[in-house]
*Asks:* 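Sending over a structure as structure tokens; questions will come in a sec.
Here is how names work: the chains are called A, B, and so on, in the same order as the sequence lines, proteins then strands, and each is numbered from 1.
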Amino acid sequence: MMLMSGGRDFKSREDESALRLRLRSMMSEMQTDTSKVEDVISRFEDKLDDITSRLDSLESRVSRLEKRLDI
Amino acid sequence: MTTTCVVHSYRGGTGKSTTTSNLSVLLAALGKRVATIDMDITSPGLHVIYNVSSQMMSHTLNDYIYNRCSFQDIVLDLTNHLKLPRGAVYFLGSSMKPEEIVKVIREGYSDKFFRHVAEKLSQEYKVDYVIFDTHPGLNEDTLLAIMSSDVSLLLMRMDKQDVTGTYITSQIMRKFGRLSYVILNMVPPNLAESPDLPSEVSKIIEASVVGVLPFYEEILSHRSRGVFCLHHPQHPYSSQLLKVAKRLIELTATETQTIDLSRAK
């Protein structure tokens, strides 16, 4: 475990250290595929609709059953 | 061994501070020593949920960044304040003074800050978990906090805006080699009943869903007056989040390492 040496200095952005530079480099190199993001949203929406309709169908079946059994 | 964890979301209002505070007391209830850090420096609010007054919070992270106090001055032991029977909760707050907020935004702070704070808490307070409550979105300081942490918990609501952001964020975390897990928050009650929901959403957003928290009006009615789980330990929200706390312990016991700055180089 490495300790900070020579006191702390958290306020300066002048001495940009390796982690921040690495972050900037990684972020600038990122090439987000927007069509994939749109696909994710679309599949998410479809899945939620699917789950909701399955739950609705289950609910209506339970309701019909309850009516039949006069519960 | 100390695990550092970021609670993050792409968009605001997803319940990060509520989740962070409740998770901290639940981890404490499981016997863990936890420190929470309000890294939402531009709009701090965690102190409100913990009922920490300005008198109690004599010094903040901002003071420490600018060498105006010692580390011990910014660490508040909330264990007795919250009347916790087990474990411990420490809190490190950010200044709510506009002049301090503007100063830290303008001048910034070193990327070494997060690791330094986590190390100090590990060594001097022997905490098991350090939880950073972050500012939403993908700003540089938030990403640095994420890069400096072992685990990221992404909060996501069930709408298109959140799914976009959560997917993008989890992809970035993967690029950084960080573990990220998703908590579905404020889920419509009918959807939350579906046992398939976590696995189906995990597949789509390519990140593991570790918790489903339905929308409860009681949380809104509580209006941040203290930590909800402490006031309502039997409420379904408390039991659902307890499952998340247990899952976090399981995951971090097997998958994370002790704080090691060499990883961040």
*Asks:* Could you walk me through whether B:Glu193 and A:Leu58 satisfy the side chain to side chain contact (heavy atoms under 4.5 Å, CB included) test, starting with their C-alpha distance in whole Å, then the side-chain angles of each, then the deciding distance to 0.1 Å, before giving a yes or no?
*Replies:* CA-CA 12 Å; B:Glu193 285 171 17; A:Leu58 189 66; over 6 Å; no
*Asks:* Side chain, backbone, both or neither: which part of A:Leu55 has a non-hydrogen atom closer than 4.5 Å to chain B?
*Replies:* side chain
*Asks:* Mark yes when over 12 heavy atoms from residues, nucleotides or ligands other than B:Glu217 sit less than 6.0 Å from its CD; otherwise mark no.
*Replies:* no
*Asks:* Between B:Gln171 and A:Asp33, is there a side-chain heavy-atom distance shorter than 4.5 Å?
*Replies:* no
*Asks:* If we only count heavy atoms from C-beta on, is the B:Asn190 to A:Ile51 side-chain gap below 4.5 Å?
*Replies:* no
*Asks:* Do the side chains of A:Arg54 and B:Asp196 get close enough for a salt bridge, i.e. N-O under 4.0 angstrom?
*Replies:* yes
*Asks:* Under a 4.5 Å cut-off applied to non-hydrogen side-chain atoms, are B:Leu191 and A:Leu48 in contact?
*Replies:* yes
*Asks:* Quick check: do B:Leu143 and A:Met27 have side-chain heavy atoms less than 4.5 Å from each other?
*Replies:* yes
*Asks:* Just wondering, do A:Phe44 and B:Met158 contact through their side chains at under 4.5 Å, heavy atoms?
*Replies:* yes
*Asks:* Would you call B:Tyr167 and A:Ile41 a side-chain contact if the rule is heavy atoms closer than 4.5 Å?
*Replies:* no
*Asks:* Let's go through A:Met30 and B:Ile172 carefully: what are the C-alpha distance in whole Å and the side-chain angles of both, what is the deciding distance for side chain to side chain contact (heavy atoms under 4.5 Å, CB included) to 0.1 Å, and is it a yes or a no?
*Replies:* CA-CA 9 Å; A:Met30 269 194 90; B:Ile172 291 171; 3.6 Å; yes
*Asks:* Does any heavy atom of chain A fall under 4.5 Å from the side chain of B:Leu138, the backbone, both, or neither of them?
*Replies:* neither
*Asks:* If I compare all heavy atoms of A:Arg20 with all of B:Tyr109, which pair ends up nearest, and what's the gap?
*Replies:* NH2-O, 2.8 Å
*Asks:* Counting only heavy atoms not in B:Lys175, do more than 12 fall under 6.0 Å of its NZ?
*Replies:* yes
*Asks:* To the nearest 0.5 Å, what is the distance between CG on A:Asp50 and CD on B:Glu200?
*Replies:* 7.5 Å
*Asks:* Salt bridge or not between B:Glu206 and A:Lys36? Use side-chain N to carboxylate O under 4.0 Å.
*Replies:* yes
*Asks:* Taking all non-hydrogen atoms of both residues, which atom of B:Ile204 and which atom of A:Arg43 are closest, and how far apart?
*Replies:* CD1-O, 3.6 Å
*Asks:* Should B:Asp111 and A:Arg22 count as an ion pair when the cut-off is N to O under 4.0 Å?
*Replies:* no
